[in-house]
Protein chains: 2
Amino acid sequence: MPPDASQPNVHRQVVDQLGRLIVGGSLAPGDALPSEELLAGQLVVSRSALREAMKVIGAKGLIESRQKTGARVRERRFWHQLDADVLGWRFATMPTQAFIAELVEMREIIEPAAAAAAAKKRDRDQLAAIAAAYQAMAAAGDRDAWAKADAEFHSAVLNAANNELMSSLFNVIATALHGFFLLSARASDDFKYSLPHHFNVYDAIRKRSAPQARMAMQKMVDDSRRHLQHTGGVA
Amino acid sequence: MPPDASQPNVHRQVVDQLGRLIVGGSLAPGDALPSEELLAGQLVVSRSALREAMKVIGAKGLIESRQKTGARVRERRFWHQLDADVLGWRFATMPTQAFIAELVEMREIIEPAAAAAAAKKRDRDQLAAIAAAYQAMAAAGDRDAWAKADAEFHSAVLNAANNELMSSLFNVIATALHGFFLLSARASDDFKYSLPHHFNVYDAIRKRSAPQARMAMQKMVDDSRRHLQHTGGVA
DNA sequence: CGAATCCATTTGTACGACAATATAGTTTTA
DNA sequence: TAAAACTATATTGTCGTACAAATGGATTCG
């Protein structure tokens with residue numbers, strides 16, 4: 001339970017408001033924000049709460065504030081777009097196909113590489129976790145159970161790659177995409193269509209064959225993209 | 001000029017102190033921080049400044065604070081390790097070979113993929129930028145000029161891939177690694193050894209050959225790793 | 001012994017004050 | 001007249017205090 005949503009914390013709400021404003025484009029890069037006093041008045045919060053929110057927004061790379069000059073919106077390339085909040089704001093304000101395509105592309109790069117690394121570096125327990133997730137997928141009766149086991153599988157593969165940075169990155173991307181897929185790809189019924197792919201990935205990692213693992217995962221994400229294009233319609 | 005270093009801002013200093021404490025391991029996940037009042041006293045800052053710093057640390061995923069319970073250090077998997085500050089703290093406190101290897105591995109995954117994507121999606125201007133960077137590298141007389149042009153080259157390739165998330169991610173990784181390489185790999189003299197590789201990458205992107213671009217970049221990073229092992233000694 | 005209640009501690013929010021400082025406007029000077 | 005120095009002022013940075021809200025633990029009562 002991250003301290004994110006549903007909390008009536010004032011500064012958290014202000015963070016969300018400012019984040020959406022900036023990411024949504026109402027405030028363009030280079031624009032100056034109103035003075036703290038004024039902005040606090042507009043949002044009906046104290047300057048303390050506003051400042052705490054602005055520090056958070058600044059930590060996410062969206063604004064930069066200097067004395068007297070005030071806070072200015074930074075250029076987009078400074079936005080730490082791998083931040084869960086920033087991704088969420090992008091989804092909330094401009095979930096364009098291009099943006100989703102970027103996320104999907106990242107996923108399609110990371111996962112095959114992670115599978116290859118996992119084949120090389122996994123230990124016994126990590127393999128067992130992958131196997132367990134696979135069996136849970138095979139045994140899944142409904143879509144929800146399958147989705148849960150599927151997420152577990154991918155997470156286990158990433159974990160077996162023994163690269164925390166990669167796991168962390170994939171986590172952010174997967175979470176962002178998850179929210180999208182829940183909304184769009186509800187149609188198809190054959191939710192187990194990718195089970196063989198998953199087995200191939202598991203088997204290659206078991207055999208410690210990095211190229212095979214990479215190829216199997218590659219096929220899986222390719223298939224996933226094709227499937228999506230049929231149901232959801234992502235570029 | 002990011003608003004990071006050299007500023008005597010109190011809350012910024014506190015952010016650094018807390019970040020180093022946590023990332024460095026002095027405060028283990030699950031540990032509770034002292035109360036705000038007490039901690040503010042220890043650090044000789046006001047509670048306001050401390051709170052602003054804690055919000056920033058929280059935004060980076062290092063801590064989570066709830067009423068009465070106080071702030072607790074979160075598990076490492078919640079740390080947003082792709083954050084520049086967090087990476088910096090890891091370097092400052094535990095620049096282990098394993099950590100550097102993770103960064104290098106990420107780079108070796110991203111760059112070939114980016115080169116392939118650039119071959120497919122680059123436009124004329126983006127190609128021109130790559131060409132310009134290459135020529136600057138070829139013309140470079142000293143190591144500093146070469147390093148600058150080199151960074152420009154990689155940046156241009158990433159930019160040509162037309163994926164802002166990828167650019168942003170690479171930026172963070174490259175910056176983090178840059179700080180390390182400056183310290184370690186000062187030895188070798190033939191700083192232009194990789195110029196042919198760079199040409200191959202450029203040429204493949206020019207010809208829009210994705211597989212060729214991927215392979216050329218792959219060779220480049222492989223060579224770079226080998227070179228590093230000779231001079232710096234990274235696993 | 002268990003459950004409801006009260007209490008103390010801690011974070012969350014607000015307000016007010018002053019210091020530091022950078023910008024803009026003003027004055028002085030060459 | 002133009003440039004340089006100075007001043008005024010607005011804005012962020014920091015501090016301190018006060019109170020509200022929530023929550024975990026102690027206490028009391030059935």
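So that the names make sense, note that chain A is the first sequence line, chain B the second, and so on, each numbered from 1.
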Q.
Less than 4.0 angstrom between a side-chain N/O of A:His11 and OP1 or OP2 of C:dG12, yes or no?
A. no

Q. Would you call A:Trp79 and A:Ile63 a side-chain contact if the rule is heavy atoms closer than 4.5 Å?
A. no

Q. Rounded to whole angstroms, how far apart are CD on A:Gln67 and P on D:dT14?
A. 8 Å

Q: Just say parallel, tilted or perpendicular for the rings of B:Tyr202 and B:Tyr134, cut-offs at 30° and 60°.
A: parallel

Q: Indicate yes or no: at least one non-hydrogen side-chain atom of A:Gln13 is less than 4.5 angstrom from one of A:Val45.
A: no

**Q.** Under-4.0 Å side-chain N/O to phosphate OP1/OP2 contact, B:Arg66 with C:dT10
**A.** no

Q.
Let's see if you get this right: which residues in residues 29-48 of chain B place a heavy atom under 4.0 Å from DNA chain C?
A. B:Ser35, B:Glu36, B:Arg47

Q. Would you say the side chains of A:Asn162 and A:Gln126 form a donor-acceptor pair under 3.5 Å?
A. yes

Q.
What is the separation between atom CZ on B:Arg51 and atom C1' on D:dC15, rounded to the nearest whole Å?
A. 15 Å

Q: Could you say whether A:Thr69 or B:Leu50 is positioned toward the 5' end of DNA chain D, judged by the nucleotide with the nearest heavy atom to each?
A: A:Thr69

Q. In a check of side chain to side chain donor-acceptor pair (under 3.5 Å) between B:Asp150 and each of B:His198, B:Lys192, B:Arg143, which one passes?
A. B:His198

Q: Please identify each residue that fulfils side chain to side chain donor-acceptor pair (under 3.5 Å) with B:Glu111, with sequence neighbours left out.
A: B:Arg107, B:His154

Q) So, is B:Lys68 near the phosphate of D:dG25, with a side-chain N or O under 4.0 Å from OP1 or OP2? A) no

(Q) Side chain of A:Val10 only, heavy atoms from C-beta on: which candidate in C:dT23, C:dA14, D:dT12 is closest? (A) C:dA14

